[in-house]
Visitor: 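I have a structure I would like to understand better, so I am pasting it below and will then ask my questions one at a time.
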Amino acid sequence: MPSNGQSKTELSDQDLELISLLQWAPRITWGEAAEILDAHPTTLAGRWEKLRSSGAAWITAQVNLNDPRNLLSFQEISCDAQQWDRVVEELVAMPEVLSVEAFGREPDLGLTVVSRDLQSLSRIIEEKISRVQGIVKIHNMISTKLHRAGDKWRLDRLSDEQRAAAQAWVKAEQESLPVSSTPLSEDQRPVIEALMLDGRASAAEIARTTGLHPATARRYLHKVLASGLLSIRCDLIQRFSATPITAQWFTRLDANQHEAAAEALSHDPRTRVVTSITGRANLMVVMWLRSVGEILEAERAIQSAVSGIEIQETVVSLRPIKRMGWVLGTEGHVGKKFVSPQLHLS
């Protein structure tokens with residue numbers, strides 16, 4: 001599990017190249033990775049362990065936010081400044097709250113929440129979030145269509161040949177997984193939680209940590225990976241990406257244009273998230289930028305790529321506090337604390 005490392009040492013080109021490969025193929029074997037990166041497997045394994053243990057990068061199993069069993073929503077939270085720490089601590093501890101961002105203006109916080117349906121979302125807001133002492137206002141937006149999620153964002157440090165090799169490995173791995181007609185059950189939940197802690201966990205490692213028989217762990221692992229319920233993703237500390245600024249735009253666009261807009265914006269390497277939402281704004285766009293000064297240029301790029309789009313509001317994140325269950329330190333490093341996200345198996 002990542003430590004609370006706060007080292008400000010920059011990552012090497014080799015580190016970034018390895019992370020880039022793992023973004024394309026998070027569970028690739030070190031032998032296959034060595035062939036793609038022209039390195040020794042032991043060297044790559046050691047380099048990754050150093051990145052992981054320092055909290056600079058990590059691999060986790062993310063809840064598949066496009067799965068119909070999940071309802072994705074976003075909450076903007078305004079709170080009493082004197083109780084900000086309390087509010088953050090309680091929101092971070094909620095398994096339904098996947099991510100928390102600190103904003104630079106009111107509202108003070110942005111939440112990404114996953115629930116089963118509208119009824120369960122209502123309960124989360126009314127019985128949990130709204131009861132946190134210090135919260136004074138909640139604005140809820142429901143994602144009606146997630147066009148692009150953060151797990152699709154890439155550092156892009158690979159050549160075309162290397163990227164093609166990584167994609168070929170992923171395709172072969174997926175095709176090798178046994179097809180099962182039975183849904184996941186509570187029996188497989190320990191495997192899911194193990195993958196959330198370490199997306200590269202092997203069947204042998206899962207057997208050791210869960211107490212499952214090795215053959216059972218292997219069978220369950222293959223079943224979980226083939227289910228489509230999870231997305232394995234490699235993340236890194238944002239400042240190491242050379243794009244330390246998160247900006248999001250709330251926009252308005254004819255509903256018939258949303259799919260085409262998302263496709264056009266996906267060609268901009270800065271784009272992290274594009275989602276249709278409910279409310280006065282009906283399309284949200286999130287990008288990682290090199291500087292605050294790049295915000296205006298990014299807005300021009302959005303308007304150039306999507307004809308007729310109306311930008312209603314621009315919001316800048318001061319820092320991420322929690323990302324897909326992982327609690328981040330003030331330097332952005334992953335800490336030891338992990339809050340297992342809520343996951344619906346049926």
Side-chain angles (χ1 to χ4, degrees), residues 11 16 19-20 23-24 57 62 65-66 72-76 98-105 107-112 139 141 143-158 163 231 233-253 257-277 279-324 326 328 332:
L11 302 186
L16 294 172
I19 292 171
S20 190
Q23 286 181 325
W24 285 104
Q62 169 190 303
L65 300 177
N66 280 311
L72 182 66
S73 62
F74 306 96
Q75 280 72 42
E76 291 183 327
L98 294 180
S99 301
V100 180
E101 293 272 346
F103 292 152
R105 55 84 175 132
D108 306 288
L109 298 166
L111 313 182
T112 301
H139 175 57
M141 296 164 286
S143 171
T144 54
K145 173 69 174 179
L146 180 63
H147 304 281
R148 181 180 177 86
D151 62 331
K152 296 294 187 288
W153 181 88
R154 300 288 183 263
L155 268 174
D156 201 21
R157 293 298 186 102
L158 303 181
R163 185 164 55 250
S231 172
R233 64 186 280 174
C234 178
D235 271 315
L236 79 161
I237 301 311
Q238 188 173 348
R239 66 181 179 84
F240 290 144
S241 71
T243 51
I245 305 300
T246 299
Q248 63 186 57
W249 291 269
F250 293 96
T251 74
R252 189 83 194 172
L253 184 67
Q257 296 179 255
H258 282 209
E259 294 283 356
E263 174 63 24
L265 291 169
S266 70
H267 295 298
D268 190 321
R270 299 171 293 191
T271 301
R272 292 272 299 182
V273 177
V274 182
T275 181
S276 300
I277 55 174
R280 189 170 65 89
N282 66 0
L283 188 71
M284 184 175 75
V285 180
V286 181
M287 290 185 176
W288 277 8
L289 308 175
R290 293 181 178 276
S291 67
V292 173
E294 193 179 359
I295 292 175
L296 185 59
E297 189 279 323
E299 289 184 0
R300 287 196 294 263
I302 292 171
Q303 292 172 321
S304 176
V306 183
S307 176
I309 195 168
E310 175 193 347
I311 295 178
Q312 297 184 338
E313 186 179 17
T314 305
V315 179
V316 178
S317 171
L318 291 181
R319 69 179 178 94
I321 299 172
K322 180 182 181 183
R323 185 184 301 158
M324 290 299 152
W326 288 102
L328 308 182

Visitor: Looking only at heavy atoms, what is the nearest atom pair of Glu263 and Ser266, with distance?
Guide: O-OG, 2.6 Å

Visitor: Atom CE in Met284, atom CG in Leu146: separation rounded to 0.5 Å?
Guide: 8.5 Å

Visitor: CZ of Arg280 to CE of Met141: how many Å apart, nearest 0.5 Å?
Guide: 11.5 Å

Visitor: I need the minimum non-hydrogen distance between Gln62 and Asp151, along with the two atoms involved.
Guide: OE1-CB, 3.8 Å

Visitor: Are His258 and Asn282 packed together at the side-chain level, in the sense that at least one heavy-atom pair is separated by less than 4.5 angstrom?
Guide: yes

Visitor: Donor-acceptor check, side chain of Thr246 to backbone of Trp288, threshold 3.5 angstrom: yes or no?
Guide: no

Visitor: So Arg272 and Gln248, do their side chains get closer than 4.5 Å, heavy atoms only?
Guide: no

Visitor: Would you say Trp153 and Thr243 make side-chain contact, with heavy atoms under 4.5 Å?
Guide: yes

Visitor: Measure the CG-CD1 distance between Leu11 and Ile237 for me, rounded to the nearest 0.5 Å.
Guide: 9.0 Å

Visitor: Without swapping roles, check the side chain of Gln303 against the backbone of Ile309 for a donor-acceptor pair under 3.5 Å.
Guide: no

Visitor: Give the C-alpha distance, both sets of side-chain angles, the deciding distance and a yes or no for side-chain contact (heavy atoms from CB on, under 4.5 Å) between Leu155 and Leu236.
Guide: CA-CA 10 Å; Leu155 268 174; Leu236 79 161; 4.1 Å; yes

Visitor: Please tell me if the side chains of Leu283 and His147 come closer than 4.5 Å, counting only heavy atoms from C-beta onward.
Guide: yes

Visitor: Kindly compute the distance separating CG (Asp235) from CZ (Arg323), expressed to the nearest 0.5 Å.
Guide: 5.0 Å

Visitor: Just so I know, are the side chains of Ile311 and Thr251 near enough to count as touching, which here means a heavy-atom distance under 4.5 Å?
Guide: yes

Visitor: Between Glu101 and Ser99, do the side chains contain an N or O donor and an N or O acceptor separated by less than 3.5 Å?
Guide: no

Visitor: Do you know which two heavy atoms are closest between Ala305 and Ala264, and how far apart they sit?
Guide: O-CB, 3.8 Å

Visitor: Would you compute the distance between atom CG of Leu158 and atom CD1 of Ile19 and round it to the nearest 0.5 angstrom?
Guide: 11.5 Å

Visitor: Main chain of Leu98, side chain of Thr112: is a donor-acceptor contact present, judged purely on distance under 3.5 Å?
Guide: no

Visitor: Check Ile277 against Thr144 and note the closest heavy-atom contact, atom names and distance.
Guide: N-OG1, 3.9 Å

Visitor: Restricting to salt bridge (charged side-chain N to carboxylate O under 4.0 Å, His left out), what partner residues turn up for Arg148, sequence neighbours left out?
Guide: none

Visitor: The test is side-chain contact (heavy atoms from CB on, under 4.5 Å); show your working for Phe74 and Thr275 and say whether it passes.
Guide: CA-CA 11 Å; Phe74 306 96; Thr275 181; 3.8 Å; yes

Visitor: What's the spacing between Ser276 OG and Glu259 CD if we round to 0.5 Å?
Guide: 7.0 Å

Visitor: Strictly distance-based, threshold 3.5 Å: is any side-chain N or O of Glu294 a donor or acceptor partner for the main-chain N or O of Arg290?
Guide: yes

Visitor: Can you give me the closest heavy-atom contact between Leu253 and Ala261, atom names plus distance?
Guide: CD2-CB, 3.6 Å

Visitor: Please indicate whether Arg252 has more than 12 foreign heavy atoms, meaning atoms of other residues, nucleotides or ligands, lying under 6.0 Å from its CZ.
Guide: yes

Visitor: Restricting to non-hydrogen atoms, name the atom on Ser317 and the atom on Phe103 that form the minimum distance, rounded to 0.1 Å.
Guide: CA-CD2, 4.2 Å

Visitor: Measure from the side-chain N and O atoms of Gln257 to the backbone N and O of Ser307, and report whether any donor-acceptor pair falls under 3.5 Å.
Guide: yes

Visitor: Salt bridge (Lys or Arg N to Asp or Glu O under 4.0 Å), that's the test. Do Asp156 and Arg154 meet it? Break it down for me.
Guide: CA-CA 5 Å; Asp156 201 21; Arg154 300 288 183 263; over 6 Å; no

Visitor: Between Arg270 and Glu297, is there a salt bridge with N-O shorter than 4.0 Å?
Guide: yes

Visitor: So, Ser304 side chain and Ala301 main chain: donor-acceptor pair closer than 3.5 Å or not?
Guide: no

